[in-house]
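Encoded as structure tokens, the structure appears first; notes follow it.
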Amino acid sequence: MNDILIVGAGPVGLTLAAVLVRHGVRVRLVDKLASASPYCRAIGVTPRTLEVMDDLGLAGALVDAGIWLDGLRTLVHGHPARDSDNDFADLPYAQLGVPQDATERLLAGHLAGQGVGIERGVELAGLTQDETGVEARFADGSSARFAYVVGCDGAHSAVRRVLGIAFEGEAWPMEFMLGDVRIDWDLPPEQDLPRGRALFALRPIPEAPPDLFVAIPLPERGRYRVSMVAPERLGAPGQGTGHGIQIDRPGATLADLQEVADRLLPDPPRLSELRWSSIFRISMRLAARYGTGRVFIAGDACHIHPPTGGQGMNTGIQDAYNLGWKLAAVARGEAGPALLASYEAERRPVAEAVIARTVEQSLNFGRPRPPEDRLADTQLLVNYRGGPLSVGAAVGPVEPGDRLPEVQGLRRHGLGFPLRLADAVRGPDLVLLATVRRGEVSALEALAAQLRASVRAPLRLVAVAPGDAAVEAPPGVSLFYDAAGMFAAAFGPAPAALIVRPDKYVGWTGAVGDAGGMLDYLTGVLGLAAG
């Protein structure tokens, strides 16, 4: 029996496969499309998604393939132009623009290097599951048995339909045009649109979404992905989920796109070299549940919403990052199946909040609104506080369920360069992160041995000592020095210990010597099998 079947080879399915493979889990990855989609549907890659890709070893390749989205020019009818900058200099990563097809190629190439290919032209026809596995039937008449199945197959998910999961919501009455074009702005030097700056031009309409022209820069100089409301003459009645690119219908012409630019921009640019265009429908829907038994869904199969803020693909990638380590732990016999229930408990509220926020943003863009947190679209603020896997009290400003904070300026004996906390915890394992001072080394070494003897799942121990401490690194413990004082600033000066999940969220917090609390969390809350 194969381990896990992933249906859908978009960014979500590819990310899930990458997470599972690095845990040593066998996957089969299928997609009903005979070839990869050529459309650059999603462009924005959030700082949080770049942290995920950093952990998977792909951030550098994505950065090289993309363009930094440094700011926005907003043109509201009747008001002067307003430029705003994305100020993310204090974050590990800023907001990146990478066409979705390029993101998929990089992930697929990474998987190919791990011996995992995409089986294209393979369509799911049905699923039958019992207590020990799932029988998958394909449209060509073949079948195979798997321990688990995950549907990452989009808004029209076959897996969701087979499970009979409700996907309720509503669709916007209008359709949108998308296009990949060259834009020659022909603006005076003082009004030049710098490379990496997006443009939103809009005319507010009472009690309705605005008439708009959106241009998002692409990596190739002078090229943009443009979107706007489609004229009624191009419309067609929506059916089903009514979401996404309508591949069975003709796209917009260059003249259609130019007409909107001429109407909404005070100095209309010339659009040319149309590479592709499409009609796009927007719905707001949330799956009633994220799985049944041994079958789960992720990404657009769970949640669809307006593209405002570039949250869709990124939210799906976070689904995969959350589900992947849990599925791997269960598939490898390191944890009981109860761990998988936390996937829906943690991720569905996130999607619900994203839907509400993107709808509100879309309806009110250009209208007076309270200023947003600058990190609102970065996904760095997403947390699982109060969730089933979050246990303990706050450590300084950090609470169980929070994303592990960014800490720079760590040093390690023998290395002549500073490190980040992300370097210390990178990889697929659980990490016990503890502060240590002189005289506490032997106790920490004994704690590490006790935990590893009691829990079968891979567990690393990372210790952080004050920058001026003379501490010897014990065997089996990775020791870092807080040379810049940023670790103490992030977590507070009091000694503490944290269990960091493989998806780099804080799971448990407590005292450094609380071995009982740590074991209760690992074996009870996470359900990791004792050795």
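On a predicted model such as this, the values are computed, not experimentally measured, just so you know. FYI, side chains are in, hydrogens and waters are out, and symmetry mates aren't considered; it's all heavy atoms of this structure.
The shortest heavy-atom contact between Thr435 and Pro495 is OG1-CA, 3.1 Å. Minimum heavy-atom separation, Gly517 to Asp514: N-OD1, 2.8 Å. In plain terms, the two heavy atoms of Glu344 and Gly291 that are nearest each other are OE1-N, 4.3 Å. What you find for Glu352 and Leu286 is that their closest heavy atoms are CB-CD2, 4.0 Å. Pairing each heavy atom of Pro99 with each of Leu218, the nearest pair is CG-CD2, 4.1 Å. Between Ser454 and Thr523, the shortest heavy-atom contact is O-CG2, 4.5 Å.
By the 6.0 Å and 45° rule, Arg160 stacks over the aromatic ring of Phe167.
Taking a 6.0 Å sphere around CZ of Arg82, one finds it holds 12 or fewer heavy atoms contributed by other residues, nucleotides or ligands.
Taking a cutoff of 4.0 Å between a charged side-chain nitrogen and a carboxylate oxygen, Arg195 and Asp70 do not qualify as a salt bridge. Remark: Asp54 does not engage Lys504 in a salt bridge, criterion side-chain N to carboxylate O under 4.0 Å. Between Glu51 and Arg420, no side-chain nitrogen of the basic residue sits less than 4.0 Å from a carboxylate oxygen of the acidic one, so the salt-bridge criterion is not met. Under 4.0 Å is where a charged nitrogen must lie from a carboxylate oxygen, and between Arg294 and Asp130 no such pair does.
With hydrogens and angles ignored, the 3.5 Å screen pairs no side-chain donor or acceptor of Asp85 with any backbone N or O of Asp87. Arg460 places a side-chain N or O within 3.5 Å of a backbone atom of Ala424 that can act as its donor or acceptor partner. Not one N or O on the side chain of Asp319 forms a donor-acceptor pair closer than 3.5 Å with the backbone of Arg347. With hydrogens and angles ignored, the 3.5 Å screen pairs no side-chain donor or acceptor of Glu119 with any backbone N or O of Val30. Side-chain atoms of Thr15 come within 3.5 Å of backbone atoms of Pro11 as a donor-acceptor pair (strictly under, hydrogens ignored). No donor-acceptor pair closer than 3.5 Å links the side chain of Asp101 to the backbone N or O of Ala36. Under the 3.5 Å distance criterion, the side-chain polar atoms of Asn314 are matched with a main-chain donor or acceptor of Gly44. The backbone N or O of Phe200 lies less than 3.5 Å from no partner atom in the side chain of Thr74, so there is not a single donor-acceptor pair.
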Discussion item. Gln318 vs Thr49, test: side chain to side chain donor-acceptor pair (under 3.5 Å). Steps then yes/no.
Written reply: CA-CA 7 Å; Gln318 310 309 318; Thr49 292; 2.9 Å; yes
Item to complete: Run the numbers on Leu410 and Asp423 for side chain to side chain contact (heavy atoms under 4.5 Å, CB included), then give the verdict.
Response: CA-CA 9 Å; Leu410 298 179; Asp423 300 319; over 6 Å; no
Fill in: Pair Ile118-Glu104, side chain to side chain contact (heavy atoms under 4.5 Å, CB included): steps then yes or no
CA-CA 11 Å; Ile118 302 170; Glu104 291 179 2; over 6 Å; no
Practice prompt. Would you check, one step at a time, whether the test side chain to side chain contact (heavy atoms under 4.5 Å, CB included) holds for Asp377 with Thr46?
Written response: CA-CA 7 Å; Asp377 289 331; Thr46 65; 6.0 Å; no
Discussion item. Between Asp55 and Tyr321, is the side chain to side chain donor-acceptor pair (under 3.5 Å) condition met? List the steps.
Written reply: CA-CA 10 Å; Asp55 190 45; Tyr321 198 47; 2.8 Å; yes
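Of the inter-residue distances, the one linking Asp300 atom CG with Thr315 atom OG1 reads 9.5 Å to the nearest 0.5 angstrom. Cys152 contributes atom SG, which lies 12.0 Å from atom CZ of Phe296 (distance to the nearest 0.5 angstrom). In this structure, CG in Leu340 is found 7.0 Å from CG in Leu323, a value given to the nearest 0.5 Å. Note: Leu106 CG to Met53 CE = 9.5 Å, rounded to the nearest 0.5 Å. The structure places CG of Leu193 at 6.0 Å from CG of Leu199, a figure rounded to the nearest 0.5 Å. Note that CG of Leu111 is 7.0 Å distant from CG of Leu29, once rounded to the nearest 0.5 Å.
Proximity of Leu526 to Arg501: side-chain heavy atoms (C-beta onward) are nowhere separated by under 4.5 Å. Under the 4.5 Å side-chain criterion, counting only non-hydrogen atoms from C-beta, Leu421 is in contact with Leu433. Here the side chains of Met313 and Val12 are not in contact, with every heavy-atom distance at 4.5 Å or above. You'll find the side chain of Val455 reaches within 4.5 Å of the side chain of Leu519, heavy atoms only. For the pair Val425/Leu404, a side-chain contact is recorded, criterion being any heavy-atom separation below 4.5 Å from C-beta on. By the 4.5 Å heavy-atom criterion applied to side chains, Val391 and Pro400 are not counted as neighbours. Side-chain atoms of Val354 and His303, non-hydrogen and from C-beta on, never get closer than 4.5 Å to each other. Inter-residue side-chain proximity for Pro306 and Val359 is flagged as met; some heavy-atom pair is nearer than 4.5 Å.
Applying the side chain to side chain donor-acceptor pair (under 3.5 Å) criterion to Arg289, with sequence neighbours excluded, gives Thr292. With sequence neighbours left out, the side chain to side chain donor-acceptor pair (under 3.5 Å) criterion links Arg348 to no other residue. In this structure, the side chain to side chain donor-acceptor pair (under 3.5 Å) partners of Glu334, at least two apart in sequence or on a different chain, are Arg332. Residues meeting the side-chain contact (heavy atoms from CB on, under 4.5 Å) test with Arg452, sequence neighbours left out: Ala448, Leu461.
Sequence neighbours left out, the pairs with a member in residues 454-488 that pass ring pair (Phe, Tyr, Trp, His ring centres under 6.0 Å) are Phe487-Phe491. Applying the ring pair (Phe, Tyr, Trp, His ring centres under 6.0 Å) test to residues at least two apart or on different chains, the pairs with a partner in residues 376-416 are Tyr384-Tyr505.
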